[in-house]
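To start, the structure itself, in structure tokens.
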2 protein chains.
Amino acid sequence: MGVFKTHLRRSGYKITAPREAVLAVLENEKGHLHPSDILLKARAIHAGVGRATVYRTLDILKMLNLVRPIYINEAGPSYMRVAGGHHHLVCSNCGKVVEFDACNAGDLQRKLARKHRFVIQSHLLEFYGQCEDCRN
Amino acid sequence: MGVFKTHLRRSGYKITAPREAVLAVLENEKGHLHPSDILLKARAIHAGVGRATVYRTLDILKMLNLVRPIYINEAGPSYMRVAGGHHHLVCSNCGKVVEFDACNAGDLQRKLARKHRFVIQSHLLEFYGQCEDCRN
DNA sequence: GCCTATATTGAGACATATTCTCACTTGGAG
DNA sequence: CTCCAAGTGAGAATATGTCTCAATATAGGC
Ligand SMILES: [Zn+2]
Ligand SMILES: [Zn+2]
Ligand SMILES: [Zn+2]
Ligand SMILES: [Zn+2]
């Protein structure tokens, strides 16, 4: 059984077919998805899933810190699993996105958490520039 | 004269009253503002500023790297001055923002630029969590 | 200062993203 | 099984951002 499903059940949420479809979509996605993509993929699993259910499920998953939004050039955030953390290199000209895993934010995160008494759950690291094709 | 105004003039943009109002709002703001706030405050300086002018001016300022978006819990990005500390520790609950300067992204940036053949101009590093007050 | 080419403007239509409402359905505790 | 609070989808409502276009204002040449 999916780990997302387990988390929701443990937190007292009912497991319904539409909700389960959305969970499956997000859990099986390596990268990031826009809510509209999530809706389409969820409907392929369980026909008729409503838009509102996607957003409601995303709210729960955000609250449980299982997914987090990422902001690329598109309109509105996309979502990705917190577990599969990765970062982006974004071309400001054509919008191309390169993903990378290497990240040395861990030390800084611990330092900041201590200094400012925050509980830090996630971070966002994005680089902006021009890709090879757009460099003219 | 405001530094934003100077930058725009130097870059060949005309200085109009509505634009000047938006510049003043952003330049005098220590924290971050949502476009709708910017519109209201700009209208207090110069009545009748249009929404489009706010977005157009934000685009210019982003391009000149004078303001940048910040993503908190709200719908859509807010904007803040690039000058000064350029990274954030954001409380997902109350929206409090702590700025910090320490940043070790430089090495990573050089590595990524070489590997993916990007010219990297800027980056965004933000940590999300709960502040002391909201940790309950 | 005056003139002119052209950048900039606001209104409002449009497009898209997200939230809300509400009558209906359903999971799952007991 | 029963029951009801939690969850649902449709579609209206709201929020956000983009675009068009005729009118206007700026900056630079004179
Ligand atoms: Zn590119
Ligand atoms: Zn990282
Ligand atoms: Zn807080
Ligand atoms: Zn940095």
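Predicted model, so just to flag it, every value in this text is computed and none were measured.
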**OP:** Any chance you could measure B/K115, atom NZ, to A/F100, atom CZ, to the nearest 0.5 Å?
**Re:** 10.0 Å
Subject >> Close side-chain approach of A/K5 to A/R19, heavy-atom, < 4.5 Å >> reply: no
Original post:
Distance-only, no hydrogens or angles: does the A/R68 side chain make a donor-acceptor pair with backbone N or O of A/H123 under 3.5 Å?
Top reply: yes
Original post:
Expressed in angstrom and rounded to an integer, what is the separation of B/E20 atom CD from D/dA25 atom P?
Top reply: 15 Å
Original post:
What is the 5' to 3' range of DNA chain C, first to last nucleotide, that sits under 4.0 Å from any heavy atom of chain B?
Top reply: C/dT6 to C/dA13
Original post:
Which of these passes side-chain contact (heavy atoms from CB on, under 4.5 Å) with A/V54: A/I38, A/V25, A/D59?
Top reply: A/I38
Original post:
A/R51 near the nucleic acid: base, sugar-phosphate alone, or nothing, with a heavy-atom cut-off under 4.0 Å?
Top reply: base
Subject >> Inter-end axis angle, the helix from C/dG1-D/dC30 to C/dG30-D/dC1, with every axis fitted to five base pairs (rounded, 10 degrees) >> reply: 40°
Original post:
A/I15 or B/T16: which one's nearest nucleotide on DNA chain C is closer to the 5' end?
Top reply: B/T16
Subject >> Separation of atom CZ in A/R19 from atom P in D/dG9, rounded to whole Å >> reply: 10 Å
Original post:
With distance as the sole test, does A/R9 use its side chain to make a donor-acceptor pair with the main-chain N or O of A/I15 at under 3.5 Å?
Top reply: no
Subject >> Spacing between A/D59 atom CG and D/dG7 atom P, to the nearest angstrom >> reply: 12 Å
Subject >> Nearest-nucleotide comparison on DNA chain D, the residue closer to the 5′ end among B/A52 and B/R9 >> reply: B/A52
**OP:** Using heavy atoms to find the nearest nucleotide of DNA chain C for A/R56 and A/H34 separately, return the residue whose nucleotide is more 5′.
**Re:** A/H34
**OP:** For B/H46, answer base if it contacts any base atom (sugar-phosphate contacts may also be present), sugar-phosphate if it contacts only those atoms, and nothing otherwise; contact means non-hydrogen atoms under 4.0 Å.
**Re:** nothing
Original post:
Rounded to whole angstrom units, what separation is found between the CG atom of B/L23 and the P atom of D/dT26?
Top reply: 14 Å
Subject >> A/I38 CD1 to D/dG9 C1', straight-line distance once rounded to whole Å >> reply: 18 Å
Original post:
Would a 4.5 Å heavy-atom cut-off, applied to side chains only, mark A/E99 and A/K30 as touching?
Top reply: no
Original post:
Salt bridge or not for B/R81 and B/E29, using N-O below 4.0 Å?
Top reply: no
Original post:
Are any side-chain N or O atoms of A/Q109 and backbone N or O atoms of B/F127, one a donor and one an acceptor, separated by less than 3.5 Å?
Top reply: no
Subject >> Nucleotide D/dT26, atom P - distance to NZ of B/K5 in whole Å >> reply: 11 Å
**OP:** Give the rounded distance in Å between these two atoms: OH of B/Y55 and P of D/dT20.
**Re:** 18 Å
**OP:** Take the protein atom CG of B/D37 and the nucleotide atom P of D/dG17, then report the distance between them rounded to whole Å.
**Re:** 12 Å
Original post:
Does any N or O in the side chain of B/E126 come within less than 3.5 Å of the main-chain N or O of B/V90, such that one atom is a donor and the other an acceptor?
Top reply: no
